[in-house]
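We're numbering straight along the sequence, starting at 1.
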Amino acid sequence: MSEVITALQKATRAGALSETAVHFAGLLERQDPTADPSVLLAGALAAERALAGDVCIELASIADGIAWEGDSDGDLVPPDLSTWQQALRRCSLVGDGGHLSPLVLTDDGKLYLYRYYALECRLAEAIGRHARQVSRPVDALSLAEGLDTFFSDDPGSADQRAAAAKAVDQHLLVISGGPGTGKTATVVRILALVQQLTSVRPERILLCAPTGKAAARLREVLADATEMLPEPLQRVPQPVTVHRLLGVRPGQRPRYDAARPLPCDLLVLDEASMVDLSLMTSLFDAVPQEARLILLGDRDQLSSVEAGAVLGDICRAADQGTLPEALITLRHNWRFSSASALGGFASAVREGDISQAMAWFGSADPAELELIGVPEAAGIDTLLSDRVLPHFVDLERLALDGAPAETLLAKRDEVMVLCAHRHGPRGVGDINARIQASLRHVPRSSSDGVAFVGMPLIVMRNDSVLGLYNGDIGIVVPDRDNPGGMQAVFQDAKDDIRAISLGRLPEYEAAFAFTVHKAQGSQSAAVTLILPEKVSPILSRELVYTGATRAQDSLQVWGSPEVLSAAIERSARRPTGLAKRLQRSKRICP
């Protein structure tokens, strides 16, 4: 075993590196025992960052630094950039993407795992094909009349009208905007307009979202927006998850792909920022080349949990002139006025303006926006008891009294408790355990984690057979057909209620609190965002912005001003090559 592998294992034991990264470096060493140690280190870094959502690493940002904080013997210090690149280019394990190799090094110094390089190339080509697709011309007078029918002529609707005009003319359109800017209301009117003016057939319109929760939310907003149309839609499609739309099955090819395209003339993807590189590539593959594709999302939100930052990359490419007609940003906010503390705070966070963001806490009504310091661990229990626990006590009582599933699920959605971390103090596991212990009236250390009536739960793994997907939220209720037994009730994207026994569920966890990532695609009247005790690498302005914009009426941030300021100061923008790849008109990709 080489010294570098030994050093990597030491980093793993210290908790600074995952076992996956060490295994990958070991695989590289077995494939080429003569590989330079810096190549094995680079492979471990690329694998580690892929787990964190980065499709590649930028060597220039790592060279001459410390690979993992806490190293004492210097074994994990990368060489200078020139020496590192030379070692990588000389190694048989590293290619330029023209042939299969474990690692790919690009001319601009980005190092990829081959899979992500190939996916990025494939997606860039697919995006280019859709962007270049030419639509049949629409009579200008008919378009103007249609826009007047479905959109008002006030200044606040100008961006929405522009988006609708582009949707008629373009085969690829991104509509970006924060909560309250009317993305879904705009797309409903677009659906009506394209049915009126183009060859898009109502039965060949598809709507999808990354999670069951996001699909259900899209259904709700669509129903409300459709009722306000001056002319009825011929058909309102029912949103489904992307996985269900593509027919994704474990260990098998999706039902729909490039060889068997989706039966659609127009596809709308909501919450596109949540879709990772792999899933977005599969979706673009499955959309017929002649079909229109509309992506809805907020480019300033957190990127997907899995690798990639596709929506942000497409938006950056549009900003740079590569896809000049593919992006419309909705700026007018219909939910929050210019004086709104929630809207003002979110805008300041998005812009990275720490002083303005903090100033909102001093001027806002605490019932709308409040920063609460938690100097010690006991303070968390006090705050939970005073401000959060009563809600879940009511939920438990309703479940025990046999309230309808719709009532329980609506009650659950009134309050949202979000954490930055999954693990550690003030993480999801910690907060869930504290709430669960309080509800069961036993010390936290004695809680066995067994589900109980009234407990909200979140599904952690896809199960296509049951039609449940990672992120779906249910409530535990008594099983009336099995005295003493329990089941969970879920509401799907079609508003149907399903009850499934706990024994049949895929992996799940308590969901009194969950991560900001899991909250994407959801809204709640009252949101509590719990920050860690100390500054951590996971904190960013995108995380704070995403958490804050889940709130419709009130937001409480629990944490110190120093930790919040550090989060707002840091951007979580991921290194990728997609935006630059879209700029190249010719490129040989696998």
Side-chain angles (χ1 to χ4, degrees), residues 207-223 238-250 254 269-276 279 283 302 304-306 392 395 399 404-419 422 428-429 432 436 449 451-477 479 486-524 527 546 550:
L207 303 178
C208 61
T211 66
K213 186 69 175 176
R217 174 68 183 165
L218 177 60
R219 183 205 58 76
E220 294 170 6
V221 181
L222 279 171
Q238 288 297 323
V240 297
T241 64
V242 179
H243 286 87
R244 182 175 294 180
L245 181 74
L246 295 178
V248 174
R249 296 160 292 182
L269 168 64
D270 195 20
E271 296 292 347
S273 65
M274 298 172 63
V275 182
D276 62 86
L279 187 58
L283 185 63
L302 281 169
S304 56
V305 175
E306 303 298 329
F392 291 110
L395 180 62
E406 293 89 346
T407 300
L408 297 176
L409 291 164
K411 181 68 176 178
R412 170 64 188 86
D413 289 344
E414 289 177 4
V415 170
M416 187 180 291
V417 181
L418 304 179
C419 302
R422 275 185 52 77
V428 169
N432 276 331
Q436 183 166 330
F452 56 91
V453 172
M455 185 185 91
L457 60 81
I458 184 167
V459 174
M460 304 301 291
R461 181 172 52 82
N462 295 339
D463 188 323
S464 57
V465 175
L466 290 176
L468 293 175
Y469 296 91
N470 188 345
D472 286 355
I473 293 178
I475 305 290
V476 178
V477 299
D479 187 344
M486 292 182 290
Q487 56 189 3
V489 289
F490 298 86
Q491 191 167 26
D492 64 20
K494 296 181 180 180
D495 217 15
D496 295 329
I497 298 294
R498 291 185 300 147
I500 302 173
S501 67
L502 297 187
R504 295 183 61 206
L505 291 179
E507 179 185 354
Y508 66 86
E509 294 179 357
F512 301 104
F514 40 90
T515 62
V516 175
H517 263 297
K518 291 289 187 184
Q520 288 181 268
S522 303
Q523 299 287 318
S524 180
V527 170
T546 302
R550 301 311 91 202

* To do: With sequence neighbours excluded, tell me which residues meet side chain to side chain contact (heavy atoms under 4.5 Å, CB included) with Thr515.
  =>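 Side chain to side chain contact (heavy atoms under 4.5 Å, CB included) list for Thr515, sorted by chain: Arg422, Val428, His517, Lys518.
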Please name the pair of heavy atoms, one in [X] and one in [Y], separated by the smallest distance, quoted to 0.1 Å.
| X | Y | answer |
| --- | --- | --- |
| Phe490 | Leu409 | C-CD1, 4.1 Å |
| Met416 | Ser522 | CE-CB, 3.7 Å |
| Ala399 | Val453 | CB-CG1, 3.6 Å |
| Leu457 | Ala511 | C-CB, 3.6 Å |
| Pro210 | Met274 | CG-CB, 3.7 Å |

Distance from [X] atom [atom1] to [Y] atom [atom2], nearest 0.5 Å?
| X | Y | atom1 | atom2 | value |
| --- | --- | --- | --- | --- |
| Arg412 | Met455 | CZ | CE | 11.0 Å |
| Met460 | Leu505 | CE | CG | 13.5 Å |
| Asp472 | Arg498 | CG | CZ | 8.0 Å |
| Thr546 | Gln520 | OG1 | CD | 5.0 Å |

[Y] backbone acceptor or donor facing [X] side chain under 3.5 Å:
| X | Y | value |
| --- | --- | --- |
| Gln436 | Ala510 | no |
| Thr211 | Gly471 | no |
| Arg550 | Val516 | no |
| Thr241 | Arg244 | yes |
| Asp270 | Leu218 | no |
| Arg504 | Leu466 | no |
| Ser501 | Gln487 | no |
| Asn432 | Ala513 | yes |

For the residue pair [X] and [Y], establish whether any side-chain heavy-atom pair is separated by less than 4.5 Å.
| X | Y | result |
| --- | --- | --- |
| Val275 | Ser304 | no |
| Ile475 | Leu395 | yes |
| Leu245 | Leu283 | yes |

* To do: Taking ring pair (Phe, Tyr, Trp, His ring centres under 6.0 Å) as the test, write out the residues that go with Phe512, two or more places apart.
  => Phe392
* Could you go step by step and tell me if Leu418 and Phe514 meet the side-chain contact (heavy atoms from CB on, under 4.5 Å) rule? -> CA-CA 5 Å; Leu418 304 179; Phe514 40 90; 3.8 Å; yes
* In chain order, what residues pass the salt bridge (charged side-chain N to carboxylate O under 4.0 Å, His left out) check against Asp479, with sequence neighbours excluded? ->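 Per chain and number, Asp479 pairs via salt bridge (charged side-chain N to carboxylate O under 4.0 Å, His left out) with no residue.
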